[in-house]
Enquirer: 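Sharing a structure below in structure tokens format, with a few things to ask.
Residue numbers start from 1 in every chain, and the chains themselves are labelled A, B, ... in the order their sequence lines are given, proteins ahead of strands.
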Amino acid sequence: MSIDTDTLLDWYDHSARDLPWRSPDCSAWGVLVSEIMLQQTPVARVSPIWQEWMHRWPVPSALAAASQGEVLRAWGKLGYPRRALRLHEAAAAIAEQHGDVVPQDVPTLEALPGIGTYTARAVAAFAYGRRVPVVDTNVRRVVARAVHGSADAGPSASKADLADVDALLPTPDSRAARFSAALMELGALVCTARAPRCQDCPLLPDCAWQRAGRPAYDGPAKPVQRFAGTDRQVRGLLLDVLRDTDEPVPKTRLDTVWPQDGQRDRCLDSLLADGLVEQVEDGRFALPGEQ
DNA sequence: CAGCCGTGGCA
DNA sequence: TTGCCAAGGCT
């Protein structure tokens, strides 16, 4: 069982969202920034922040010249703020080691902080048209259903997924990148995790999952991540205070965000260790690089 | 490699 | 309301 490339690409041409980072005018830097921001974060929340960043920091060297605090503030509440710090580091590396040009090949991209298996291939394909498999959670789900007849892919990605999609990539090279984008878009709009809209799916006639009678998911359970009461929530609350103030704040201010002293202090320590918070000379706390 | 790292919308 | 989910990466 395979996927009808023409059918999929035709659907993509008519149904794809008009996202700014898909514009032919969008730079490779713009694509890279969008991919980092989109890691575990919905399009609707990324869009306005991405626009702001492109206007403010149109090239890697521009972002590299900003302070960490400025970058974290501009990141706002996208979540996982270590991504912002790593993107800042990546921008500096691109500016200093690659002539301010985003690298094209996967190994070089993967060597940059914050860029892993998915993002490296997404940039190579979407920014440069390289013929490389781009496998995210959407693609894994679509392939699991349409090709393998399963309700969903397993909890974690594997090299087998990459090989899987590599075998599906069409020729010529110019169509491969659009094919990957189309697979992702189908997973985002139609072949969704919760309530797939199979009646609207262009792949319905050949879908292996459909033909198998849409069996339920029988793979290993996916780990459930709590949020309420975790260190992630407390770290978020602490960082929120610092984003919203111009001046360093005393620890007594940070102490108001969470009642449990031990957890609160541990989180503050971890933020300091991560370089997301800095302690200034008089003992107060601030975003890094702002004094 | 399993667990951790934010945030908010939606069913 | 609560649990699931959203273009992952790092250790």
Enquirer: Check every nucleotide of DNA chain C for an atom under 4.0 Å from a heavy-atom of chain A, then give the first and the last such nucleotide from 5' to 3'.
Expert: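 The protein-touched segment is C:dG3 to C:dC10.
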Enquirer: For A:Asp231, is there an ion pair with A:Arg266 - N to carboxylate O distance below 4.0 angstrom?
Expert: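 A salt bridge is present here (some side-chain N lies under 4.0 Å from a carboxylate O).
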Enquirer: What I want to check is whether the side chains of A:Arg145 and A:Gln210 have a donor and an acceptor closer together than 3.5 Å.
Expert: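 There is no such pair between these side chains.
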Enquirer: Touch check for A:Val224, heavy atoms < 4.0 angstrom, all strands: base, sugar-phosphate only, or nothing?
Expert: sugar-phosphate
Enquirer: Within the 4.0 Å heavy-atom criterion, would you say A:Trp21 contacts the bases, only the backbone, or no part of the nucleic acid?
Expert: base
Enquirer: Tell me the salt bridge (Lys or Arg N to Asp or Glu O under 4.0 Å) pairs involving residues 179-204 of chain A, sequence neighbours left out?
Expert: A:Arg17-A:Glu185, A:Arg22-A:Glu185, A:Arg197-A:Asp200
Enquirer: Looking at residues 8-19 of chain A, who's got a heavy atom less than 4.0 Å off DNA chain B?
Expert: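 Heavy-atom cutoff 4.0 Å gives no residues at all.
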Enquirer: I need a per-nucleotide contact map over nucleotides 1-9 of chain B, read 5' to 3'. Cutoff is protein heavy atoms under 4.0 Å; write B for the base, S for backbone only, - otherwise.
Expert: ---BBBBSB
Enquirer: Taking atom P in both C:dA7 and B:dA11, what distance in whole Å separates the two?
Expert: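 Nearest-Å result for C:dA7 against B:dA11 at atom P: 15 Å.
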Enquirer: Contact class for A:Thr137 vs. all strands (heavy atom < 4.0 Å): base, sugar-phosphate, or nothing?
Expert: sugar-phosphate
Enquirer: Using a 3.5 Å cut-off and no angle test, enumerate the donor-acceptor pairs between side-chain atoms of residues 167-178 of chain A and protein atoms at least two apart in sequence or in another chain.
Expert:
from	atom 1	to	atom 2	distance (Å)
A:Arg175	NH2	A:Asp6	OD1	2.6
A:Arg178	NH2	A:Asp13	OD1	2.7
A:Arg178	NH2	A:Asp13	OD2	3.2

Enquirer: Please tabulate, for the side chains in residues 108-115 of chain A, all donor-acceptor contacts under 3.5 angstrom to protein atoms that are two or more places apart in sequence or on a different chain.
Expert:
from	atom 1	to	atom 2	distance (Å)
A:Thr108	OG1	A:Asp105	OD1	3.0
A:Thr108	OG1	A:Asp105	OD2	2.5
A:Glu110	OE2	A:Arg121	NH1	3.0

Enquirer: Is the shortest distance from a Lys or Arg side-chain nitrogen in A:Asp244 or A:Arg73 to a carboxylate oxygen in the other one below 4.0 Å?
Expert: no
Enquirer: Please tabulate, for the side chains in residues 86-98 of chain A, all donor-acceptor contacts under 3.5 angstrom to protein atoms that are two or more places apart in sequence or on a different chain.
Expert:
from	atom 1	to	atom 2	distance (Å)
A:His88	NE2	A:Leu63	O	3.4
A:His88	NE2	A:Ala66	O	2.9

Enquirer: Using a heavy-atom distance cut-off of less than 4.0 Å, which residues of residues 169-190 of chain A contact DNA chain C?
Expert: A:Met184, A:Ala188
Enquirer: Mind running a 4.0 Å heavy-atom check of residues 255-266 of chain A against DNA chain C and sending the residues that fall below it, in number order?
Expert: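 None - not one residue of the stretch has a heavy atom sitting under 4.0 Å from the strand.
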Enquirer: Using links of under 4.5 Å between side-chain heavy atoms of ILVMFWY residues, direct or through other members, which residues join A:Val106 in one cluster?
Expert: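 Once heavy-atom contacts under 4.5 Å are chained together, A:Val106 belongs with A:Val132.
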Enquirer: Compare all side-chain heavy atoms of A:Arg45 with those of A:Lys77 and state whether any distance is below 4.5 angstrom.
Expert: no
Enquirer: Base, sugar-phosphate or nothing for A:Thr117? Non-hydrogen atoms, less than 4.0 Å.
Expert: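 The residue A:Thr117 makes sugar-phosphate contact but no base contact.
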Enquirer: Within the 4.0 Å heavy-atom criterion, would you say A:Ala193 contacts the bases, only the backbone, or no part of the nucleic acid?
Expert: sugar-phosphate
Enquirer: Which pairs of donor and acceptor atoms, one on a side chain in residues 46-62 of chain A, lie under 3.5 Å apart (sequence neighbours left out)?
Expert:
from	atom 1	to	atom 2	distance (Å)
A:Trp50	NE1	A:Gly30	O	2.9
A:Trp53	NE1	A:Ala74	O	3.2
A:Ser61	OG	A:Asp100	OD2	2.7

Enquirer: Not counting sequence neighbours, list each pair that qualifies as a ring pair (Phe, Tyr, Trp, His ring centres under 6.0 Å) and has a residue in residues 203-247 of chain A.
Expert: none
Enquirer: Can you work out whether A:Arg22 or A:Glu110 has the more 5'-proximal nearest nucleotide on DNA chain C?
Expert: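 Of the two residues, A:Arg22 wins.
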Enquirer: Is there a chain of hydrophobic side chains (I, L, V, M, F, W, Y, each step under 4.5 Å between heavy atoms) that links A:Leu204 to A:Tyr12?
Expert: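 Unlinked, A:Leu204 and A:Tyr12 end up in two clusters.
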